[in-house]
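Here the structure comes first, spelled out in structure tokens, and everything after it is commentary.
Sequence lines set the chain letters: A, B, ... in the order given, protein chains first and strands last, and positions in each chain run from 1. The shown structure was predicted, so the numbers you read here are calculated from the model rather than taken from an experiment.
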Protein chains: 2
Amino acid sequence: MKQTPRLDRVFHALAHPARRRIVQDLSRGDRAVMQLAQQFTMSQPAVTKHLNVLERAGIIVRRRQGRERRCRLRPHALRASAEWMRRCETFWNRRLDALETLLDTTAPEDR
Amino acid sequence: MKQTPRLDRVFHALAHPARRRIVQDLSRGDRAVMQLAQQFTMSQPAVTKHLNVLERAGIIVRRRQGRERRCRLRPHALRASAEWMRRCETFWNRRLDALETLLDTTAPEDR
DNA sequence: ACTGTATATAACCATATGGTTATATGAAAC
DNA sequence: GTTTCATATAACCATATGGTTATATACAGT
């Protein structure tokens, strides 16, 4: 994934349980990297890599604060992906509605 | 990803543009594999692989019909993922609300 | 300046992903 | 039964992913 568009990156970022857990944690407030890393068995560099993935997806930002780097969620970044899924369901429902209408109008006696 | 839970598989499945395109196409109606493959420059086996990913995620099902195999969307499979994202936003909004309340009550003069 | 703490980077490794071509299978048509 | 069409599988390849350990960097405290 060299220069992948947002949707790719966001969905990919959310496809890993560790990253989802990070996101959920951040949805309750900002966290330093160590605070996040403590919850996992994996090494600190591994956590940093996950944070990089989330940052590239636009889901989080990191800013220095003293010697820590605090991570903050930008849930706005999830919007497009959520929209995509919603739209998909909408189409589907419209399809179901159409089917129902069809059944109602063309073959009521079959039901 | 050996025995990954649903969320992992669904998000991963949606992280590829070809697979999202397939899903969008299927949201307009069932399609045979060839019908789907024609839209892409990639080979038919590549498309089959993408369909496998979508099927393992529970997003589509395939059934024989004559010598074709028709693909059908099961948008229900997207539900859990959409919910997850929605919940994440909800937490975030609650946090913003709390912050606002805090600002209102503790330091109205700073605004 | 020196030490410790927080985080990032480098180098490495095993496995997964996404693609290819060639071939096998399954049902249809002749 | 042989051919043909639709699809899947096998074998292969390059690159990406997710992890590790060791090391570098950045700031804080003394």
Tell me whether the OP1 or OP2 atom of dG19(C) has a side-chain N or O from His16(B) closer than 4.0 Å. yes
I need the NE2-C1' distance between His12(B) and dT17(C), as an integer number of Å. 7 Å
Partner set under side chain to side chain donor-acceptor pair (under 3.5 Å) for Arg72(A), not counting sequence neighbours: Asp30(A)
To the nearest Å, how far apart are Lys49(A) NZ and dT20(D) C1'? 8 Å
Tell me whether the OP1 or OP2 atom of dA8(C) has a side-chain N or O from Thr48(A) closer than 4.0 Å. yes
Is there a donor-acceptor pair closer than 3.5 Å between any side-chain N or O of Arg62(A) and the backbone N or O of Cys71(A)? no
Decide, yes or no, whether a salt bridge links Arg86(B) with Glu89(B) under the criterion of side-chain N to carboxylate O below 4.0 Å. no
OP1 or OP2 of dG19(D) less than 4.0 angstrom from a side-chain nitrogen or oxygen of Ser43(A), does that happen here? no
One pair to check against ring pair (Phe, Tyr, Trp, His ring centres under 6.0 Å): His50(B) and His16(B). What are the steps and the verdict? CA-CA 9 Å; His50(B) 285 303; His16(B) 195 290; 4.5 Å; yes
In residues 20-40 of chain A, which ones come under 4.0 Å of DNA chain D, going by heavy atoms? none
It should be established whether Arg62(B) places a side-chain nitrogen or oxygen under 4.0 Å from OP1 or OP2 of nucleotide dT7(D). no
With sugar-phosphate taken as primed atoms, P, OP1 and OP2 and all else as base, the protein-contact string of nucleotides 23-30 of chain D at under 4.0 Å (heavy atoms; B, S, -) is ----SSS-
Donor-acceptor check, side chain of Arg28(A) to backbone of Gln24(A), threshold 3.5 angstrom: yes or no? yes
Distance below 4.0 Å between His50(A) side-chain N/O and dG19(D) OP1 or OP2: yes
Integer-rounded Å distance: dA28(C) P and Arg69(B) CZ: 14 Å
To the nearest angstrom, how far is Met42(A) atom CE from dT20(D) atom C1'? 12 Å
Is Arg21(A) reaching over with its side chain to a backbone N or O of Gln39(A), donor-acceptor style, under 3.5 angstrom? yes
Applying side-chain contact (heavy atoms from CB on, under 4.5 Å) between Arg69(B) and each of Arg31(B), Arg63(B), Arg64(B), Met34(B), report the one that passes. Arg64(B)
Could you state the CG-P distance from Asp8(B) to dT17(D), rounded to the nearest angstrom? 15 Å
OP1 or OP2 of dG18(D) versus the side-chain N and O atoms of Arg19(A): is any pair under 4.0 Å? yes
With nearest nucleotide decided by heavy atoms, which residue, Arg56(A) or Leu51(B), maps closer to the 5′ end of DNA chain D? Leu51(B)
Quick one: does Arg19(B)'s side chain have a donor or acceptor within less than 3.5 Å of a partner on Leu14(B)'s backbone? no
Without decimals, in angstroms, what is the distance between Arg63(B) CZ and dA8(D) P? 14 Å
If only atom types and distance count, is the side chain of Arg9(B) paired as donor or acceptor with the main-chain N or O of Gly58(B) below 3.5 Å? no
